[in-house]
Amino acid sequence: MHVQLPDGSQLELPEGASGLDAARSIGPRLAAQAVGVRVDGDLSDLRLSLEDGQQIEILTTRNGDDPDALVVLRHSTAHLLAEAVRRLYPGVKIAIGPAIENGFYYDFDFPEPIAEEDLDRIEEEIGRELAEGRQWRREELERDEARRLFVEQEEPYKVELVDDAEGPISLYTQGDFTDLCRGPHLIDSKPVKAFKLTGLAGAYWRGDSANKQLTRIYGTAFFSKEDLETHLTRLEEAKKRDHRRLGRHLDLFHFDEHSPGSPFWHPKGMAVFNQLEDLRRRENARRGYLEVKTPLIYDKALWVTSGHWEKFRENMFLIPVGEEHVYGIKPMNCPGHMLLFGSKLRSYRDLPLRYAEAAPLHRNELAGTLHGLTRVRYVTQDDAHLFCTEDQISAELDGCLDYLRYVYGIFELEPRAELSTRPENKLGSDEEWDFTEGELRAALDRHDISYALGAGEGSFYGPKIDLHITDVLGRSWQMGTIQLDAQMPARFGLTYIGADNREHPVYVIHRALLGSFERFIGILLEHTGGDLPLWLAPVQVRVIPVGESHAAAAGAIAEGLRKAGFRADLDDRDESVGRRIRDAELEKISRVVVYGDKESADNLAVRERGGAQSRKTLHELVIGLTPLASPPSS
RNA sequence: GCCGACGUAGCUCAGCUGGUAGAGCACUUCACUCGUAAUGAAGGGGUCCGCGGUUCGAUUCCGCGCGUCGGCUCCA
């Protein structure tokens with residue numbers, strides 16, 4: 001038979017030859033370095049037989065940048081970890097241990113809890129395994145045989161996995177450690193040149209909080225020590241861009257234990273926040289949205305009607321009022337907007353009706369989930385509810401997606417779209433969900449937006465198009481969301497009078513495009529490293545008088561810039577010019593005007609962040625900055 | 001909420017095995033009046049997260065609570 005190599009050449013092999021055989025026939029060095037094989041684009045095990053006509057690519061220890069090569073390395077290292085743990089901790093039960101982005105983990109059920117210090121001795125044990133050398137053997141068993149093996153080994157989690165598996169079971173054995181595993185794995189442990197156990201965490205069996213919590217050990221591995229060093233350095237660099245750190249250093253916001261999860265916005269942070277609010281308000285007005293304001297607290301009865309009492313109560317702050325009543329602080333704007341819509345009879349001529357409100361929302365998020373600005377209890381969404389007829393749904397979705405494209409384009413952010421479908425605790429029938437999910441899917445297709453499917457991740461009242469962005473530490477956050485809802489308007493009995501003079505059901509599109517201002521600012525800080533575009537920057541121009549005698553004139557320049565609509569300040573501290581320039585750099589201020597004996601309003605020394613200097617009149621400075629001082633228009 | 005770690009000056013952090021605390025930056029004052037990334041000197045500042053316990057004595061050891069960090073679950 002023949003297989004095709006990456007350079008296009010054909011390789012002749014005997015029937016049933018494996019990827020490893022192919023590597024050997026090319027050369028012994030290639031075979032010695034081989035870690036896996038890509039067959040027709042998919043990662044596969046070197047031991048598996050190839051078929052005639054396949055395209056193959058041998059992955060080796062030299063493919064340190066190839067995610068597939070690293071997956072094999074890390075997955076095998078996870079097995080070494082499990083072997084070490086089982087030797088060191090008799091009675092431990094093993095669960096699963098896959099490769100993940102940037103590393104791997106393995107979940108264990110320890111008889112006694114372990115602590116982070118234990119990682120050192122586990123690392124040493126893995127080091128011993130590597131010194132001895134390990135070879136992996138692959139075998140396939142029938143399910144019954146595999147089940148018997150893991151029952152004998154008293155590995156209940158593995159037995160459960162075998163029970164759920166289909167077809168023959170593949171096993172990998174290194175040393176005296178055998179694991180249920182789909183593979184692929186290394187041939188031997190020589191390629192594991194650098195590894196590190198990076199963390200310890202609790203993780204529920206099968207990701208379900210109703211199940212037992214296991215202990216997860218995280219680690220990473222590379223084909224060279226240099227690659228590991230590079231990885232660790234990159235992590236350190238990333239931490240410097242952490243929005244929580246930037247928020248403190250740039251004096252944007254802080255948190256206090258008296259109100260966990262609720263940011264205190266400092267004047268400079270508020271300047272950023274307000275710019276986003278202005279963008280929202282201006283663009284909403286252009287697109288036919290109507291600004292409203294609805295109450296922050298509502299009687300429990302409203303939450304019962306909306307379904308929040310049943311589905312969302314644990315996440316709500318509740319206030320007892322007198323003996324009889326309980327009020328809930330709103331975690332979402334939708335119920336209030338339902339009441340507003342229902343406050344009078346609506347005609348088809350009124351639709352679509354687009355209510356927008358960026359009200360403060362409070363969600364009692366679990367303590368362990370709070371995370372700087374990206375997960376807060378005090379949330380402000382750029383929220384809107386679009387009330388429309390069934391016929392108007394697709395046009396309204398088009399409007400949302402167009403708006404979405406505009407707003408993310410401004411920030412040069414490229415979110416990943418996800419279609420989140422009906423969850424287990426949904427309201428409404430499957431037929432209704434078929435319809436709403438279909439509408440969202442069609443809208444995404446119309447706009448040629450590729451998306452992942454988030455099965456079961458929809459809101460309890462409707463499916464969603466979600467937009468996700470990754471933070472500086474590689475964590476994915478949901479930003480914007482567009483949700484199509486037939487449930488809530490029905491629960492509120494919302495209808496409109498059609499041209500036929502009869503009542504018809506109303507649909508609602510819940511949409512937030514930035515998501516929340518809090519999370520958006522957090523992500524934006526990380527993506528820009530705090531170097532915000534001029535229109536968002538808290539201080540756009542700083543004026544530095546050279547000496548005391550220049551303070552008044554320099555102050556007038558700053559004042560002139562403020563009158564022209566810029567956020568300008570004056571640094572007349574009793575410090576050297578060099579010192580004040582340095583501070584402006586550290587504060588990431590875009591433009592600095594140094595004002596001394598040589599300067600006048602017609603001759604300013606302007607320094608751009610980074611060092612470029614030029615001379616301009618005040619007028620030229622204003623004219624030059626003006627286009628940068630507002631976001632690109634749609 | 002769950003698992004693990006951590007909590008010392010405004011910030012970043014030192015502080016062996018118990019004897020009431022330090023540095024750099026920041027802040028205040030004074031001198032210098034300064035030209036594009038740190039002028040010098042002096043000074044002030046701490047219920048060592050909180051509450052209990054052990055001890056002659058607790059920042060240090062133990063328990064509980066609160067908060068933060070890394071994960072899990074959940075979510076904008």
Side-chain angles (χ1 to χ4, degrees), chain A residues 105 107 110 113-119 198-218 239 242 244-245 248-249 251 254-261 312 314-315 331-332 361 363-377 379-383 420 423 457 459 464 466-469 473 475 477-481 483 510-520 522-523 544-551 574-586 592-599 605-613:
Chain A
Y105 67 79
D107 285 347
F110 283 95
I114 65 162
E116 257 161 39
E117 296 99 68
D118 291 85
L119 296 184
T198 51
L200 191 61
Y204 300 103
W205 169 237
R206 302 199 140 179
D208 187 340
S209 58
N211 288 341
K212 179 160 187 182
Q213 188 160 44
L214 308 174
T215 303
R216 175 170 298 177
I217 297 177
Y218 284 94
K239 278 184 188 158
D242 190 318
R244 293 166 297 187
R245 180 180 174 279
R248 235 193 337 269
H249 285 281
D251 196 18
H254 84 277
F255 290 88
D256 184 275
E257 63 181 291
H258 291 95
S259 188
F312 206 74
E314 313 78 68
N315 286 314
M332 299 181 191
L361 307 175
R363 299 180 181 181
N364 192 10
E365 304 290 356
L366 295 177
T369 66
L370 300 178
H371 183 93
L373 290 180
T374 48
R375 190 70 188 277
V376 292
R377 287 188 172 140
V379 203
T380 320
Q381 293 178 317
D382 61 328
D383 203 7
S420 300
E457 290 179 23
S459 186
K464 320 186 285 180
D466 291 329
L467 296 157
H468 298 260
I469 291 189
L473 293 174
R475 293 178 282 220
W477 296 96
Q478 187 186 314
M479 310 299 286
T481 184
Q483 316 178 347
H510 309 239
R511 50 110 287 188
L513 302 181
L514 302 178
S516 76
F517 293 107
E518 291 81 7
R519 180 173 290 179
F520 196 84
I523 289 290
I544 297 180
V546 171
E548 223 169 273
S549 59
H550 311 111
D574 187 13
E575 295 285 354
S576 70
V577 172
R579 171 53 186 271
R580 285 176 287 165
I581 298 268
R582 175 183 147 85
D583 287 346
E585 283 285 340
L586 294 176
V592 170
V593 172
V594 176
Y595 197 97
D597 286 337
K598 299 177 223 159
E599 280 73 32
V606 180
R607 177 195 161 99
E608 288 185 36
R609 183 165 140 70
Q613 291 179 43

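Chain letters run A, B, ... following the sequence lines, proteins first, then strands; residues in each count from 1. For the numbers below, each heavy atom of this structure counts, side chains included, while hydrogens, waters and symmetry mates do not.
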Which part of the nucleic acid does A:A605 contact within heavy-atom distance under 4.0 Å: base, sugar-phosphate only, or nothing?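 Contact class for A:A605: base.
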
Watson-Crick/G-U partner (both atom distances under 3.5 Å) of [N]:
N	result
B:rG4	B:rC69
B:rC48	none
B:rC75	none
B:rG18	none
B:rA58	none
B:rC27	B:rG43

In whole Å, what separates the C1' atom of B:rC56 from that of B:rG44?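 Approximately 35 Å lies between the C1' atom of B:rC56 and that of B:rG44.
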
Give the B/S/- string for [range], one per nucleotide from 5' to 3', where a protein heavy atom under 4.0 Å of the base yields B, of only the sugar-phosphate yields S, and otherwise -.
range	result
nucleotides 23-32 of chain B	---S----BB
nucleotides 5-11 of chain B	S-----S
nucleotides 71-76 of chain B	BBBBBB

For A:S516, is there any backbone N or O sitting under 3.5 Å from a side-chain donor or acceptor partner on A:D382?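 No: the side chain of A:D382 does not pair with the backbone of A:S516.
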
Can you list everything that forms a side-chain contact (heavy atoms from CB on, under 4.5 Å) with [X]? Sequence neighbours excluded, please.
X	result
A:T481	A:K464, A:D466, A:Q478, A:Q483, A:A512
A:A115	A:E117, A:D118
A:T369	A:E365, A:L366, A:R375

In terms of side-chain geometry, is the basic nitrogen of A:D242 or A:R244 positioned less than 4.0 Å from the acidic oxygen of its partner?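 Yes, charged N to carboxylate O under 4.0 Å.
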
Any salt bridge between A:E585 and A:R607, counting N to O under 4.0 Å?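 Result for this pair is yes, salt bridge flagged.
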
[X] [atom1] to [N] [atom2], straight-line distance once rounded to whole Å:
X	N	atom1	atom2	result
A:D107	B:rC3	CG	P	15 Å
A:H258	B:rC49	NE2	P	15 Å
A:I581	B:rU39	CD1	P	12 Å

Nearest-nucleotide pick for A:R582, side chain only, options being B:rC34, B:rA38, B:rG67: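 So the nucleotide nearest the side chain must be B:rA38.
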
Looking at A:R607, I'd like to know whether one of its side-chain N or O atoms comes within less than 4.0 Å of OP1 or OP2 on B:rA37.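 Looking at the OP1 and OP2 atoms of B:rA37, one of them is under 4.0 Å from a side-chain N or O of A:R607.
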
